[in-house]
There are 2 protein chains.
Amino acid sequence: MHMEFGPDDTIDHEGPLTPYRQLAAIIRARLERGDWPTGRPIASETQLTQEYGLARTTVRRSIKLLVDEGVLFVVPHRGTYPVDSTQWDREN
Amino acid sequence: MHMEFGPDDTIDHEGPLTPYRQLAAIIRARLERGDWPTGRPIASETQLTQEYGLARTTVRRSIKLLVDEGVLFVVPHRGTYPVDSTQWDREN
DNA sequence: ATTAATTTGTTCGTATGTATC
DNA sequence: TGATACATACGAACAAATTAA
C-alpha cells in the first residue's frame with residue numbers, strides 16, 4: 001500500500017505546519033494539476049476563504065508567499081494569476 | 001492485580017531523580033500510552049507547568065531532553081509534537 | 001450614466017504559544 | 001517569576017478599483 005505524499009485538500013489546524021503554509025502547498029498542487037489555466041485568475045481570496053475555512057488574512061499570507069516565490073502575481077482589484085513560465089513578456 | 005512499574009503522574013521534589021527528568025519520564029510514558037497522537041501537539045508548556053506544578057524553565061528542560069533524544073520536535077509558535085517514526089519525509 | 005456586485009488593499013482588535021531576558 | 005517581543009490566526013470593518021447589469 002502506498003500513500004501519496006502531498007498536500008491534502010483540507011487544513012489541519014493542529015498540525016505542525018501553519019495553515020497559511022498548508023494552503024500555499026495546496027494552491028501549488030492545484031496549479032500543477034492544471035486547475036487554473038494561465039491567463040485566467042485563480043479562485044478569489046473570498047472563495048479560498050470559504051473553501052478552506054480560513055480567514056482572509058491567512059489566505060492573503062499564503063498568496064503573498066507564492067507571489068514572493070514567483071508562482072503567482074496579483075493584479076489589484078482584478079484577481080490573482082498564475083505566472084506563465086513560458087511567457088516572459090508582460091508589458092501589458 | 002498487577003501494578004505497572006513506571007513514572008508516576010506526580011513529581012517527587014524530595015527524591016533522587018531531578019524533577020525535569022521525572023517529567024521527561026512521565027511524558028515518555030504518556031506518549032507510549034497514546035495520550036498524544038502523532039500529528040497533534042502534546043500539552044503546551046503552560047499546561048504542563050500547571051499540571052505538574054513546575055516552573056516553565058523546568059518543563060522546557062524536560063522537553064529539550066526529549067527533543068535531543070529524538071522523541072519530540074518543537075515547531076516555533078505552533079507547539080511540541082511527537083516524532084512519527086514511520087514518517088521519514090518531512091520536507092513539506 | 002448609475003448602480004450593485006466583485007475583488008484586492010488596509011487596518012484595527014483579540015487570542016494563543018513560543019523565544020528571550 | 002515576570003516582562004517583553006515575535007509569529008501566527010481569526011474576525012471585522014471599511015476603502016478603492018473593476019466589472020457587469
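All chains are named by letter (A, B, ...) in the order of the sequence lines, taking the proteins before the strands, and each is independently numbered beginning at 1. Here the structure is a predicted model, which is why all the values come from computation and not from measurement. Side chains are part of it too, since the values below use all heavy atoms of this structure and drop only hydrogens, waters and symmetry mates.
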Assign a letter to each nucleotide of nucleotides 9-21 of chain C from its 5' end: B, base within under 4.0 Å of a protein heavy atom; S, sugar-phosphate only; -, no contact. BBB-----BBS--
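First and last contacting nucleotides of DNA chain D toward chain B (any atom under 4.0 angstrom from a heavy atom, 5' to 3' order): D/dT1 to D/dA7.
A/Leu23 and B/Val75 fall into different hydrophobic clusters, where Ile, Leu, Val, Met, Phe, Trp and Tyr side chains are chained together by heavy-atom contacts under 4.5 Å. In the hydrophobic clustering of this structure, A/Val83 does not group with A/Leu66; members are Ile, Leu, Val, Met, Phe, Trp, Tyr whose side-chain heavy atoms approach within less than 4.5 Å, directly or through other members.
Whole-Å rounding puts the A/Ile42 CD1 to C/dT7 P distance at 12 Å.
The hydrophobic cluster of B/Leu17 has no other members, since no ILVMFWY side-chain heavy atom comes under 4.5 Å of it. Here A/Leu65 is tied into one hydrophobic group with A/Tyr20, each link being a pair of ILVMFWY side chains closer than 4.5 Å.
Atoms CZ and OG1, from A/Arg61 and A/Thr18 in turn, are 8.0 Å apart once rounded to the nearest 0.5 Å.
A side chain to side chain donor-acceptor pair (under 3.5 Å) check over residues 46-55 of chain A, counting only residues at least two apart or in different chains, returns the pairs A/Arg30-A/Glu51, A/Arg30-A/Tyr52.
Comparing B/Leu54 and A/Pro19 by the nucleotide of DNA chain D that holds the closest heavy atom to each, the one mapping nearer the 5' end is B/Leu54.
Within a 6.0 Å sphere centred on CZ of A/Arg40, other residues, nucleotides and ligands contribute 12 heavy atoms or fewer.
With sequence neighbours left out, the side-chain hydrogen bond (donor to acceptor under 3.5 Å, both in side chains) criterion links A/Glu45 to A/Arg56, A/Arg60.
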